[in-house]
Amino acid sequence: MEEKSLNSIKVSKKKEAGNNNNNTSSKNSSELFASCTFSSLGLHPTLCEQLKERLGFEVPTLVQAEAIPVILSGKHVLVNAATGTGKTVAYLAPVIHHLQQCDPRIQRSDGTFVLVLVPTRELCMQVHEILQKILHRFHWIVPGYIMGGENRSKEKARLRKGINILVATPGRLLDHLKNTSSFLHANLRWIIFDEADRILELGFGKDIEEILDILGSRQQISISEEHTSSRSSEGQRQNLLFSATLNEKVNQLANISLEDPIMIGLGSKKMQDKPSHKYLGTLESNMDDGLGKSCKALSSSDNEYKLPAQLVQRYIKVPCASRLVVLLSILKHLFEREGSQKVVVFFATRDTVDFHYALVNQFQGLLNSESEAESRPMFLNCKIFRLHGEMEQVDRRTAFQAFNTEKSALLLSTDVAARGLDFPKVRCIVQYDPPGEATEYVHRVGRTARLGQRGDSLLFLQPAEMDYLQDLERHGITITEYPLLKLLDGFPLYSLKHSIKKFVSVDVHPWVVSLQKALEIFISVESKMKILAKNAFSSWVRAYTAHRGELKRIFVVKKLHLGHVAKSFGLKDQPSLVNKSLARQSKKRKRDQKQKGTSKKRVFVKKP
Ligand SMILES: Nc1ncnc2c1ncn2[C@@H]1O[C@H](COP(=O)(O)OP(=O)(O)OP(=O)(O)O)[C@@H](O)[C@H]1O
């Protein structure tokens, strides 16, 4: 394997960027792109041509220029770089480089050489699509994916034929490792964890440990035993960990999966040294005991996150009862100001996504007269999609693909869309429900302002939640206030026409009062909407109680005025908290556990 020293690669700032980013300012280009070429990094000329022809990549980004030569050299690597800086190709290009030059050529029947582990199905499809493009001229290398929600037997058949570069979600991969005997992985050489921290946060730690054990890629064997295992491929194994945010658990995963790794993008941060004792902790272990305690080096509380410099970040302070009206007003404003754009709104739960999706698809807004109802357009005049983990796989796939290709659209989603997804030209991210950890804030806003493009983000906070800003500041995130009243003043009221006077408070603003009334009337007469609103209400309150650690001090469920929360779902009165939604959720949890063949208690994680 060809060794290339990092020092020999010039990653100094470049004035001109790749040609597929026309909006990129020259200042941003110089911070994103390296002054070298892909071929100077050691990549095969045909591969460089593919990157240019199929993906439009002229020159490498900084992270690609730094990571590619190190990965080519065969070292284990941990890469931490901001969202939208090109990490995907940073790991795909060097492994494809090695695979395409194998002599004799690798064959399908040789099985899997590369395994890319990702936290969500959509990311799985996205990485697979990029692979297909890059492999266009390397037709003998077969890419494929396996993931939850897909047909197992079809996946088995594809694995039997052979998949050389396999992208997978952890649960389904483990399933096949245990149950698909024809899945050939004796030649496995690379394991790549994309969004490593999220894989672990979603509760896949135990699965990852089992996967590493089955694949013989767990480092404890080689450092704790006098004699190393005799697995044939182990000597050649190279593991790579990538994320825009790192935390204690990634430190643990790095400890058990990386051997003498090179850190890229960690600045002054260091990974904790490997302990010398045999047991290296488990990924499921409680952060307060064992290795978790000593993993301060990558602790999320120490981290200053890197956000795209051109991202304009704002927060919006809204009293609870007016949240829904303000959300709809902002979306209306965004789509009326710029007809062609994409916006993503993040919600805390699946039920809240469903409710808002149904609402914006049906609500027409303030009506002056009955006769107007027929001819009036919808309140929001744009294409609307939703995405969450409880949707049927076929709907999930359709929504993901459609939002990807649309030029102008609104996506309502849970955190399932927060990681890694590269929707082109998303102009604004609205965090209607605040994220949990600051890491999630970083990834959610990272769906816009990618690779130097413009982008705005808007975080909704209630007056009692303002301390959340300090929590973000501890991670180097400073955001300014959005001029909400100015926006509300801009909406014409039919009775007052364009001449409304300035108001000082959001909740008594005539636009807010009238729209709230219209929403409540609409929801009270539409029985289906009312059910959705009630379900959303209880799931939202439940999610509010699920904030962890320090955040419990900020998001205090006892401080909530439940009557106001009900209003934020367009309900006139506060519904009971015990309803079908909760019963359904608990039924589904039991079903999931049964399907997984385990009744074991899992750490509670909010399913996106
Ligand atoms: N060298 C390059 N030249 C031009 N565009 C590039 C280059 N590398 C990547 N891109 C583009 O930049 C965007 C972001 O890339 P990618 O999705 O790999 O980022 P990421 O760092 O993995 O982001 P995240 O942390 O959100 O997962 C994509 O649209 C990709 O096509």
Side-chain angles (χ1 to χ4, degrees), residues 11 14 16-24 28-41 43 47-68 79-94 116-120 122-134 167 192-199 240-246 250 264-265 305-308 310-311 342 344 404-405 415 417-426 429 439-453 455 457:
V11 288
K14 184 171 168 64
E16 295 299 323
N19 66 354
N20 67 337
N21 278 289
N22 298 333
N23 290 345
T24 310
N28 278 329
S29 306
S30 69
E31 285 161 7
L32 291 164
F33 292 91
S35 62
C36 53
T37 59
F38 279 110
S39 64
S40 72
L41 300 177
L43 295 176
L47 178 53
C48 300
E49 277 167 29
Q50 290 297 276
L51 291 173
K52 191 173 167 187
E53 282 167 22
R54 296 273 146 190
L55 298 174
F57 297 0
E58 301 263 348
V59 290
T61 62
L62 289 178
V63 67
Q64 288 161 358
E66 232 183 311
I68 289 171
V79 178
N80 176 217
T83 51
T85 51
K87 293 188 285 297
T88 319
V89 160
Y91 64 74
L92 289 182
V116 182
L117 277 158
V118 294
T120 64
E122 286 72 23
L123 190 51
C124 204
M125 292 188 271
Q126 183 177 293
V127 174
H128 180 250
E129 203 182 312
I130 298 168
L131 262 174
Q132 282 180 312
K133 286 184 185 161
I134 310 180
V167 193
I192 301 159
F193 295 91
D194 195 352
E195 308 288 351
D197 55 328
R198 185 61 180 162
I199 294 176
L240 317 169
L241 255 69
F242 281 77
S243 186
T245 52
L246 301 170
V250 177
I264 292 176
Y305 296 127
K306 297 168 197 152
L307 286 138
Q310 73 285 8
L311 172 69
K342 289 205 268 194
V344 182
N404 229 336
T405 48
D415 274 333
R419 292 282 186 141
L421 299 189
D422 187 46
F423 297 119
K425 303 227 178 327
V426 171
I429 299 296
T439 44
E440 277 334 285
Y441 176 93
V442 172
H443 287 280
R444 283 173 166 194
V445 298
R447 295 321 97 209
T448 186
R450 294 176 76 71
L451 207 67
Q453 305 262 331
S457 71

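Order of appearance sets the numbers: ligands from 1, and atoms from 1 within every ligand. We number each residue from 1, following the sequence as shown.
Proximity of T61 to L32: side-chain heavy atoms (C-beta onward) are nowhere separated by under 4.5 Å. Here the side chains of I199 and V118 are not in contact, with every heavy-atom distance at 4.5 Å or above. Two residues are said to be in side-chain contact when any heavy atoms from C-beta on lie closer than 4.5 Å; V116 and F193 fail this criterion. Residues S457 and Y441 are in side-chain contact: their nearest non-hydrogen atoms beyond the backbone lie under 4.5 Å apart.
Taking 4.0 Å as the cut-off, G84 counts as a neighbour of ligand 1 on heavy-atom distance. Not a single heavy atom of A90 sits under 4.0 Å from any atom of ligand 1.
Partners of Y91 under the ring-ring contact (aromatic ring centres under 6.0 Å, His included) rule, at least two apart in sequence or in another chain, are F242. Scored by the side chain to side chain donor-acceptor pair (under 3.5 Å) test, S243 finds D197 as partners (sequence neighbours excluded).
Within the 3.5 Å criterion, the main-chain N or O of G86 finds a donor-acceptor partner in the side chain of Q64. Using a distance-only test at 3.5 Å, with no hydrogens or angles considered, a donor-acceptor pair links the side chain of N80 to the main chain of A244.
When non-hydrogen atoms are compared, ligand 1 lies under 4.0 Å from neither the backbone nor the side chain of A81. Residue T83 touches ligand 1 through backbone and side chain together, judged by heavy-atom distances below 4.0 Å. With a 4.0 Å cut-off on non-hydrogen atoms, K87 touches ligand 1 through its backbone as well as its side chain.
Ligand-side atoms of ligand 1 in range of F38: 1 (N), range being under 4.0 angstrom from any heavy atom. Close contacts between ligand 1 and T85 involve ligand atoms 19 (O), 20 (P), 21 (O) [criterion: under 4.0 Å to a heavy atom]. Less than 4.0 angstrom separates some heavy atom of V59 from each of these atoms of ligand 1: 1 (N), 2 (C), 3 (N). The atoms of ligand 1 that sit less than 4.0 Å from any heavy atom of A82 are 21 (O). Heavy-atom contacts of R447 reach the following atoms of ligand 1: 26 (O) (cutoff under 4.0 Å). Within ligand 1, counting atoms from 1 as listed, the ones closer than 4.0 Å to a heavy atom of T61 are 1 (N), 2 (C), 7 (C), 8 (N). Counting atoms of ligand 1 from 1 in the listed order, those under 4.0 Å from a heavy atom of T88 are 16 (P), 17 (O), 18 (O), 22 (O).
Counting heavy atoms only, L451 comes closest to atom 11 (C) of ligand 1 of the residues L451, L32, V63, V118. When Y91, F57, F242 are checked for heavy-atom proximity to atom 7 (C) of ligand 1, F57 turns out nearest. In this structure, of H443, E195, R198, the residue bringing a heavy atom nearest to atom 27 (O) of ligand 1 is E195.
Taking both residues in full, the closest heavy atoms of L47 and A93 are given as CD2-O, 3.3 Å, listed atom of the first, atom of the second, then distance.
At a 3.5 angstrom cut-off on N or O pairs, E58 does not count as close to ligand 1. An N or O contact shorter than 3.5 Å is missing between Q126 and ligand 1 by distance. By the 3.5 Å distance cut-off applied to N or O atoms, A244 is not counted among the residues near ligand 1.
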Using the side-chain hydrogen bond (donor to acceptor under 3.5 Å, both in side chains) rule, take T83 and H443 through it: C-alpha gap first, then chi angles, then the decisive distance, then the call. CA-CA 7 Å; T83 51; H443 287 280; over 6 Å; no
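Atom CD of residue Q50 and atom CD of residue E53 lie 6.0 Å apart, to the nearest 0.5 angstrom.
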